[in-house]
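Since the structure comes first, as structure tokens, the remarks are kept for the end.
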Amino acid sequence: MFSSVLIANRGEIACRIARTAKRLGLRTIAVYSEADAQALHVRVCDEAYLIGPPPAAQSYLVMDKIIAVAKASGADCIHPGYGFLSENAGFAQACADAGIVFVGPPPDAIRAMGLKDRAKALMEKAGVPVVPGFHGDMQEPKFLQRKAYEIGYPVLIKAVAGGGGKGMRKVERHADFDAALEAAQREAQNAFGDARVLIEKYVSAPRHIEVQVFADGHGNAIHLNERDCSLQRRHQKVIEEAPAPGMSADLRARMGQAAVAAALAVGYQGAGTVEFIADSAGGLKDDGFWFMEMNTRLQVEHPVTEAVTGLDLVEWQFRIAAGETLPLKQDQVRLDGYAVEARLYAEDPERGFLPSTGKLVALRFPKADGLRVDTGVEAGDTVTPFYDPMIAKIIAHGATRNDALDALANALEATVVAGPRSNAGFLAALARADAFRQGDFDTGFIDAHLGELGATRQGLDRAAAARGAEMLLAQERARLASAGSASPWDADDAFQLSGARTLSLPLIAEGESVTAQVSYGHGVPVVSIDGTPAASDAVAIAAEDAVYVLRAGRQTKVTLRDLALDEAGDAGGGGLVRAPMHGKVLAVLVEKGTAVTRGQRVAIIEAMKMEHTLTAPVDGTVAEVAVEQGAQVPEGAKVLLIEAASAPSP
Ligand code: ADP
Ligand code: ADP
Ligand code: MG
């Protein structure tokens with residue numbers, strides 16, 4: 001076994017790898033960017049080295065720097081985690097050239113599976129069923145369009161170099177093919193520097209079922225059962241589970257064999273995942289699954305497999321990389337109970353899942369038997385715009401599928417994330433969704449149920465806002481009491497009218513201007529907003545000048561409205577356009593004096609490689625442009641001020 005490891009990654013996966021490495025007695029070496037100087041992965045490792053500025057392209061993706069740190073620190077091996085350099089054959093080769101073991105498959109195996117078209121061709125030869133379609137060198141649009149017609153609509157256009165759901169377009173009708181092809185190619189060129197695509201039959205009622213495989217350097221390969229990752233958004237996994245609902249032992253053995261054959265065909269070693277797409281119309285079928293791709297690394301969702309097999313997959317990776325044989329034979333692999341994982345993200349489901357950055361003013365997870373939380377951040381840390389905004393993975397293991405889903409939903413509802421918004425409430429709703437519980441779902445489930453899952457704009461939660469007002473009031477009273485002054489909010493001041501006394505407290509709740517009514521019946525203030533009393537089932541957290549109220553996984557931010565600071569039109573539903581998140585101003589589409597109508601596009605901001613269009617909130621005239629094209633703006637920054645056209649007098 002090795003005596004030290006350099007972990008070439010960050011966040012939860014770096015922490016998770018360090019945990020096993022420490023248990024095995026390895027010295028752990030972290031690398032970090034300037035944005036991560038205080039990060040948890042730096043704190044949990046024995047040593048840490050700065051490798052560059054925040055952007056991954058200048059730090060976590062720079063092979064030379066990482067290899068240099070590995071050499072200087074005397075690392076025996078490098079674990080790449082997932083993402084970043086994990087599927088980079090050149091990096092695996094560079095490690096070997098430097099005499100350092102790469103904890104992963106040989107460079108040739110990574111290369112063989114790296115491009116989807118080549119991988120599919122190899123798999124066909126190895127007798128593994130592949131999704132029907134066209135993969136080849138011919139990329140001429142007319143030719144591809146004819147192929148799509150022959151395959152039969154709907155089809156899926158995929159970037160051959162693809163990953164993370166990028167460069168992928170579903171096409172329903174012949175007439176839409178050209179535009180979709182162009183979009184897929186453009187996205188593929190931007191993301192991967194390779195515009196080539198392949199075309200696949202779009203499988204109906206698709207379920208994503210993948211098989212965890214392991215191979216050693218002595219010719220042995222086994223599988224560790226399947227995971228179902230069909231709950232997806234934009235072709236990205238949201239909830240994963242094992243075993244797959246409706247999977248028979250017989251079909252499991254068939255898919256397992258196909259996955260092992262795939263691994264053996266490319267001389268695989270270490271942990272890998274063979275992803276299949278299954279046609280679930282009328283139930284899973286023996287001949288109804290096809291190879292999509294192989295991920296030649298540890299997968300984000302590996303903990304569900306660990307839960308049902310009782311194994312530590314990272315330990316297996318180290319053992320195999322150190323030259324040991326597979327610890328178990330196929331018939332010794334267990335499958336106990338049901339496990340389900342949810343990816344907790346700093347994002348806003350109500351606003352198209354927009355990433356939500358900022359300081360985590362509170363972060364708390366529940367503890368329970370069978371519950372596992374893998375995270376890379378703590379309260380006080382900041383979710384930056386530089387990396388994937390995942391906060392944690394929450395994994396529940398139970399005797400039955402419903403037990404596991406109940407435990408997951410309960411855990412999500414008891415999780416406290418304050419500061420950035422999170423998808424906790426959305427994930428809990430998913431874990432409780434009836435059809436999903438009944439196994440009646442496919443990859444289209446989330447998109448088809450956005451409304452029921454709370455992923456559309458909801459109005460202000462007045463009960464939560466009132467709870468926030470209650471806390472602001474208590475703070476204000478405490479502040480004035482300690483300053484020795486009489487508080488205007490004190491019920492026992494001399495100015496008591498007959499019966500209840502009511503005061504109005506102006507607030508900003510979720511950007512909306514509201515007024516809380518505070519009434520003192522018998523000395524205890526009772527707070528309500530528009531007649532809705534403060535919620536008693538909410539968690540309120542005060543930080544800086546705000547109170548963050550969490551109710552059913554949803555956050556309501558409340559601050560006192562300082563009337564003197566009110567900007568024209570701000571908060572009162574007027575014409576102030578703010579940046580919805582930290583990002584770069586790609587374009588300002590209007591200038592001072594431009595007449596605009598409500599809903600008109602006025603600026604474009606780019607964050608997390610996604611473009612977000614800002615629109616005019618009111619009809620009016622642009623009174624001020626507060627940013628320049630190319631500027632970086634923080635969340636909440638003023639972008640434009642629009643002077644509302646005066647409303648017709650009544
Ligand atoms: P999986 O099937 O394991 O989710 P993905 O290919 O979607 O695999 O990516 C794995 C994880 O790594 C995802 O959470 C993704 O956001 C992250 N990731 C992928 N590429 C990068 C990258 N270049 N930098 C940072 N994170 C990345
Ligand atoms: P990536 O490299 O981005 O992970 P995949 O080939 O694994 O790309 O596809 C991503 C997702 O797209 C899958 O998990 C699945 O939900 C969906 N998908 C892929 N191929 C098909 C297909 N032929 N039919 C239906 N859905 C598909
Ligand atoms: Mg995939």
Side-chain angles (χ1 to χ4, degrees), residues 82-84 86-88 110 112-124 128-135 147-148 150-172 180 183-184 187-188 190-192 194 196-213 226-241 244 255 259 262 271-281 284-285 288-302 341 343 388 441-448 609:
Y82 57 69
F84 295 137
S86 60
E87 293 186 272
N88 188 314
I110 301 179
M113 290 296 187
L115 296 175
K116 289 185 203 288
D117 55 344
R118 268 223 298 170
K120 282 182 77 172
L122 271 170
M123 291 303 104
E124 266 178 322
V128 177
V130 302
V131 190
F134 168 79
H135 49 86
K147 284 291 165 195
E150 286 167 17
I151 294 163
Y153 288 93
V155 299
L156 195 60
I157 304 175
K158 280 187 190 179
V160 302
K166 289 200 200 78
M168 206 177 279
R169 286 288 183 290
K170 179 181 176 187
V171 195
E172 310 266 5
E187 207 168 293
N190 284 339
F192 315 110
D194 182 344
R196 286 176 304 144
V197 298
L198 56 78
I199 303 186
E200 278 180 1
K201 175 80 192 160
Y202 188 86
V203 172
S204 64
R207 289 252 304 269
H208 173 119
I209 300 179
E210 58 184 33
V211 178
Q212 176 70 56
V213 294
E226 80 283 1
R227 293 182 289 257
D228 190 311
C229 314
S230 300
L231 290 193
Q232 302 187 344
R233 216 182 59 80
R234 294 177 161 214
H235 306 297
Q236 291 276 74
K237 300 158 187 168
V238 175
I239 283 190
E240 304 103 340
E241 61 179 315
M255 291 184 76
T273 295
V274 181
E275 295 188 336
F276 295 102
I277 194 86
D279 176 357
S280 74
L284 300 175
K285 295 162 285 288
F289 68 91
W290 302 273
F291 172 91
M292 283 192 295
E293 64 162 346
M294 180 170 189
N295 292 325
T296 55
R297 57 172 160 86
L298 185 68
Q299 203 96 342
V300 174
E301 57 274 21
H302 75 278
E341 169 184 288
R343 300 186 186 195
D388 188 85
F441 64 97
D442 59 37
T443 57
F445 187 85
I446 290 180
D447 281 340
K609 302 200 166 58

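In each ligand, atom 1 is the first atom listed, and ligand 1 is the first ligand listed.
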Exercise for the section: Could you tell me which non-hydrogen atom of Ile151 sits nearest to which non-hydrogen atom of Phe134, and how far apart they are? Expected result: CD1-N, 3.7 Å
Practice task
For Lys158, take its heavy atoms, then give the atoms of ligand 2 lying under 4.0 Å from any of them.
Solution key: 6 (O), 19 (C), 20 (N)
Fill in the blank from the handout: Looking at Glu293, the N/O/S atom that lies nearest to the Mg ion (ligand 3) is called OE2
Practice task
Would you tell me which option among His235, Met294, Lys116 has the nearest heavy-atom contact to atom 17 (C) of ligand 2?
Solution key: His235
Exercise for the section: Please identify which atoms of ligand 2 are closer than 4.0 Å to at least one heavy atom of Met168. Expected result: 3 (O), 5 (P), 8 (O), 9 (O), 10 (C), 12 (O)
Completion exercise
In Glu275, the N/O/S atom nearest the Mg ion (ligand 3) carries the name OE1
Problem - Contact summary for Pro154 and Glu172, nearest pair of heavy atoms - result: CB-OE1, 4.1 Å
Exercise for the section: Enumerate the atoms of ligand 2 whose separation from the nearest heavy atom of Gln232 is less than 4.0 angstrom. Expected result: 11 (C), 13 (C), 14 (O), 15 (C), 16 (O)
Exercise for the section: Number the atoms of ligand 2 from 1 as they appear, then name those within less than 4.0 Å of a heavy atom of Thr443, with their elements. Expected result: 16 (O)
Exercise for the section: Could you tell me whether Gly164 and ligand 2 have an N or O pair separated by under 3.5 Å? Expected result: yes
Handout entry: Nitrogen or oxygen of Gly165 less than 3.5 angstrom from that of ligand 2
Key = yes
Fill in the blank from the handout: Scanning both residues in full, the closest heavy-atom pair of Lys285 with Asp279 reads NZ-O, 3.1 Å
Problem - All side-chain contact (heavy atoms from CB on, under 4.5 Å) counterparts of Ala119, not counting sequence neighbours - result: Met113, Phe291
Exercise for the section: Have a look at ligand 2 and work out which part of Val203, if any, has a heavy atom under 4.0 Å from it: side chain, backbone, both or neither. Expected result: both
Practice task
Taking all heavy atoms of Gly83 and all of Arg297, pick out the closest pair and write down the distance.
Solution key: N-CD, 4.3 Å
Exercise for the section: Search all heavy atoms of Val213 against all heavy atoms of Thr273 and return the closest pair with its distance. Expected result: CG2-N, 4.5 Å
Fill in the blank from the handout: Residues Tyr202 and Pro206: closest non-hydrogen pair is OH-CG, 3.7 Å
Handout entry: The single option from Lys237, Arg207, Arg227 passing salt bridge (Lys or Arg N to Asp or Glu O under 4.0 Å) against Glu275
Key = Lys237
Fill in the blank from the handout: Note: ligand 2 atoms sitting under 4.0 Å from heavy atoms of Leu156 are 18 (N), 19 (C), 20 (N), 21 (C), 22 (C), 27 (C)
Practice task
With heavy atoms of Val131 as the reference, note each atom of ligand 2 found under 4.0 Å away.
Solution key: 23 (N)
Completion exercise
Here the atoms of ligand 2 under 4.0 Å from any heavy atom belonging to Lys201 are 22 (C), 23 (N), 24 (N)
Practice task
Run the contact test for Gln236 against ligand 2 with a 4.0 Å cut-off on heavy atoms, strictly below, and give the result.
Solution key: no
Practice task
Report, in ascending order of atom number, the atoms of ligand 2 lying under 4.0 Å from any heavy atom of Gly162.
Solution key: 2 (O)
Completion exercise
Of Arg234, Lys158, Arg169, the one forming a salt bridge (Lys or Arg N to Asp or Glu O under 4.0 Å) with Glu187 is Arg169
Problem - Which residues share a salt bridge (charged side-chain N to carboxylate O under 4.0 Å, His left out) with Asp442, sequence neighbours left out - result: none
